[in-house]
Amino acid sequence: MSLVLFNDLTRTKEKFTPINKGHVSFYSCGPTVYDYFHIGNARPFIVFDVLRRWLEHEGYSVKFVQNFTDIDDKMIHRAHRENITVQQLAERFIAEYNKDADALGIRRPDVAPRATEHIPEIISTIQRIIDNGHAYVSEGDVYFDIRSWPKYGSLCKQNLEDLEAGARIEPGEKKRDPLDFALWKAEKPGEPSWPSPWGMGRPGWHIECSAMSSKYLGDNIDIHSGGVDLMFPHHENEAAQSEAASGTGKPFVNYWLHNGFLLIDSEKMAKSLGNFVTAREALKKYPPLAIRFFMLSAHYRSPINFTPESLEQAAAGVERLRNCRSDLDFAAKTRRDNNSDFYVDKFKSELDDLHAKFSEAMNDDFNTAAAMGVLFDVVYLINTSLKENESLPEDFFTMSKNALNEYDEILGIIGSDDAETEHDEEAAEIERLIKERSEARKAKNFARSDEIRSELKARGIVLEDTPQGTKWKREL
RNA sequence: GGCGGUAUAGCCAAGUGGUAAGGCAGAGGACUGCAAAUCCUUUACCCCCAGUUCGAAUCUGGGUGCCGCCUCCA
């Protein structure tokens with residue numbers, strides 16, 4: 001079974017066939033670095049990172065490019081307000097982006113290009129569009145001429161009349177058509193600007209993605225992703241520009257993917273509604289694994305609702321996954337016996353069946369919600385095996401751990417077992433207290449035993465007693 | 001007004017025409033010094049109405065609710 005993706009170009013699921021066998025070119029719209037990114041931005045970063053991981057898991061060599069937009073109106077305003085340069089602002093929030101993205105387990109792109117570092121490419125892209133007859137210069141601005149582009153509106157499935165009915169027509173318009181959009185904006189006092197054939201100025205919003213994706217991925221790329229709200233105008237414009245610039249007649253993008261919106265308490269997130277939540281704030285309140293779990297628990301195209309309840313439910317789900325891993329690790333240390341009469345072949349065939357189901361779910365438009373359902377079936381299989389057998393052979397542990405690791409490399413919602421991975425002084429102290437507590441319990445000194453347990457609990461360490469001894473983990 | 005999405009248990013959520021995955025929460029039980037974890041048991045008139053079909057959560061038509069885009073917000 002091969003990968004099928006829902007392509008917004010055709011609004012149908014299509015079999016994924018890359019341009020070059022075994023290779024995938026993937027461009028994902030990145031943040032405008034004028035502030036911390038918000039929890040709604042985090043959704044595409046997380047879900048498309050999972051798609052990237054899945055493609056790699058399936059053996060593709062993926063080139064993943066995600067830009068930083070470091071010049072636009074918002075950047076300029078914020079920099080003015082903070083009395084710093086636009087570049088300083090960008091440096092700061094690129095660093096903050098990386099911090100939050102790393103915390104959320106989002107892998108760094110292969111290339112993270114910045115608009116301001118690609119001004120020559122942007123200018124030459126604009127020049128090619130003009131040369132090809134699809135843009136015009138107007139008082140130092142350059143506009144894309146949408147009337148010259150018959151395909152305009154084909155991505156968002158709107159006809160020009162309907163789009164124009166909603167378009168804002170500003171007084172003193174320098175455009176020929178209200179839907180024409182700026183490729184290059186003439187310099188305004190106090191704003192960063194660069195020399196160009198049309199005078200000093202700066203790039204428009206959409207053109208950077210065209211210039212940079214073409215530079216790093218070529219004129220015809222496999223996958224381009226972003227939030228649904230980018231479909232129009234951003235992606236529509238990008239496609240028009242890129243294809244007008246390349247002049248090859250090839251589509252800019254073969255598969256357009258858009259994630260659904262994230263709502264907060266059933267409302268659109270907006271600064272005016274006062275319900276704006278940055279990823280930074282969310283990370284203070286909820287474990288990163290829980291945020292990922294939440295993002296992946298619904299299909300990426302469905303809307304999701306960010307509420308305290310949904311995050312708490314997600315955290316509880318993560319706990320179940322993590323408990324399975326730590327129970328497994330603990331049992332591997334205490335109950336491993338290759339003479340066990342555990343029926344490995346049956347276990348293996350059950351794991352294989354689930355593996356097939358997992359792949360089927362991921363291949364179906366990366367249905368992470370269904371894939372997570374399978375992961376919980378794997379957990380159940382491991383848990384019941386642990387429950388029903390006094391001792392288990394090496395093969396059981398190897399297969400189980402490999403399965404959890406494999407799924408977690410794709411979804412990133414389990415994480416490591418604290419007792420396995422931490423070996424510092426604190427871990428040693430925990431082990432020492434556990435030993436002391438075990439002796440107290442043996443002596444039926446439950447007062448001391450419970451005291452140790454609650455002391456550790458206050459430090460975020462949870463103890464669990466098993467017939468084979470006491471195991472520990474950190475609270476999420 | 002134009003375009004599009006969505007409606008499944010208390011909550012989150014998957015679902016390929018053949019009598020509803022999974023998670024969270026709840027109830028009862030096993031295990032436990034007590035906990036915790038785990039396991040067992042238990043919880044659905046699939047928004048409404050009509051139609052197609054041997055058979056519909058799934059397809060068609062019509063309602064209703066919610067949401068998004070058309071405003072450089074992922």
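Letters A, B, ... are given to chains in the order of the sequence lines, protein chains preceding strands, and every chain is numbered from 1. The basis for the numbers below is simple: all heavy atoms, side chains too, and nothing from hydrogens, waters or symmetry mates.
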Practice item. Using the C1' atom on both, measure B:rU6 against B:rG15 and round to a whole Å. Key: 15 Å

Each nucleotide N or O in nucleotides 39-42 of chain B that has a protein N or O under 3.5 Å away: list the pair and distance.
unit_1 : atom_1 : unit_2 : atom_2 : d
B:rC39 : OP1    : A:R320 : NH2    : 3.4
B:rC39 : OP1    : A:N383 : ND2    : 3.3
B:rC39 : OP2    : A:R320 : NH1    : 3.2
B:rC40 : OP1    : A:Y380 : OH     : 2.2

**Study point:** Nearest to side-chain heavy atoms of A:D450, which nucleotide of B:rG22, B:rC70, B:rG33
**Key:** B:rG33

Check your understanding: Which of the following nucleotides, B:rC72, B:rC24, B:rC73, is nearest to the side chain of A:N41?
Key -> B:rC73

**Study point:** Distance, P atom - from B:rA7 to B:rA13, rounded to whole angstrom
**Key:** 10 Å

Write down the protein N/O and nucleotide N/O pairs, taken from nucleotides 9-14 of chain B, whose separation is under 3.5 Å; answer none if there are no such pairs.
unit_1 : atom_1 : unit_2 : atom_2 : d
B:rC11 : O2'    : A:Q313 : NE2    : 3.2
B:rC11 : O2     : A:Q313 : OE1    : 3.3
B:rC11 : O2     : A:Q313 : NE2    : 3.2
B:rC12 : O4'    : A:Q313 : OE1    : 3.4
B:rA14 : OP1    : A:H299 : N      : 3.2
B:rA14 : O3'    : A:N367 : ND2    : 2.9

Check your understanding: Just checking A:F376: base, sugar-phosphate only, or nothing, at a heavy-atom cut-off of under 4.0 Å?
Key -> sugar-phosphate

Review point. Of all the nucleotides listed (B:rG68, B:rU38, B:rC70), which has the minimum atom distance to the side chain of A:F232?
Key: B:rC70

Practice item. Look at A:R301 together with A:D365 and state whether they make a salt bridge at an N to O cut-off of under 4.0 Å. Key: yes

Revision key, fill the gap. Rounded to whole Å, the CD1-C1' distance (A:I76 to B:rC72) equals 12 Å

**Study point:** Partners passing salt bridge (Lys or Arg N to Asp or Glu O under 4.0 Å) against A:K74 (at least two apart in sequence or in another chain)
**Key:** A:D72

Check your understanding: Less than 4.5 Å apart, any side-chain heavy atom of A:P203 and any of A:W194?
Key -> yes

Review point. Which parts of residues 453-469 of chain A get close to RNA chain B, meaning a heavy atom less than 4.0 angstrom away?
Key: A:R453, A:L463, A:E464, A:D465

Exercise for review: Please work out if A:N259 contacts a base, only the sugar-phosphate, or nothing of the nucleic acid, heavy-atom cut-off 4.0 Å.
Suggested key: base

Practice item. Check the distance between B:rA74's P and A:Y97's OH and give it to me in whole angstrom. Key: 12 Å

Exercise for review: Mind checking A:R448 for me? I need base, sugar-phosphate or nothing, with any heavy atom below 4.0 Å counting as a touch.
Suggested key: nothing

**Study point:** Nearest-Å distance for atom pair CD1/P, residues A:I106 and B:rA74
**Key:** 14 Å

**Study point:** Any donor-acceptor N/O pair under 3.5 Å between B:rG33 base and A:R441 side chain
**Key:** yes

Practice item. Using a strict 4.0 Å threshold on nitrogen-to-oxygen distance, state whether A:K175 and A:D141 make a salt bridge. Key: no

Side-chain polar contacts of residues 37-46 of chain A - donor-acceptor pairs under 3.5 angstrom, sequence neighbours left out - could you list them?
unit_1 : atom_1 : unit_2 : atom_2 : d
A:H38  : ND1    : A:G40  : N      : 2.9
A:H38  : ND1    : A:N41  : N      : 3.1
A:H38  : ND1    : A:N41  : OD1    : 3.0
A:H38  : NE2    : A:N41  : OD1    : 2.7
A:N41  : OD1    : A:H38  : N      : 2.9
A:R43  : NH1    : A:G260 : O      : 2.8
A:R43  : NH1    : A:F261 : O      : 3.2
A:R43  : NH1    : A:S302 : O      : 2.7
A:R43  : NH2    : A:H299 : O      : 3.0
A:R43  : NH2    : A:Y300 : O      : 3.2
A:R43  : NH2    : A:S302 : O      : 2.6

Practice item. State which residues pass salt bridge (Lys or Arg N to Asp or Glu O under 4.0 Å) with A:D102; sequence neighbours excluded, sorted by chain then number. Key: A:R108

Review point. Which value, in whole Å, describes the distance between the P atoms of nucleotides B:rG4 and B:rC12?
Key: 27 Å

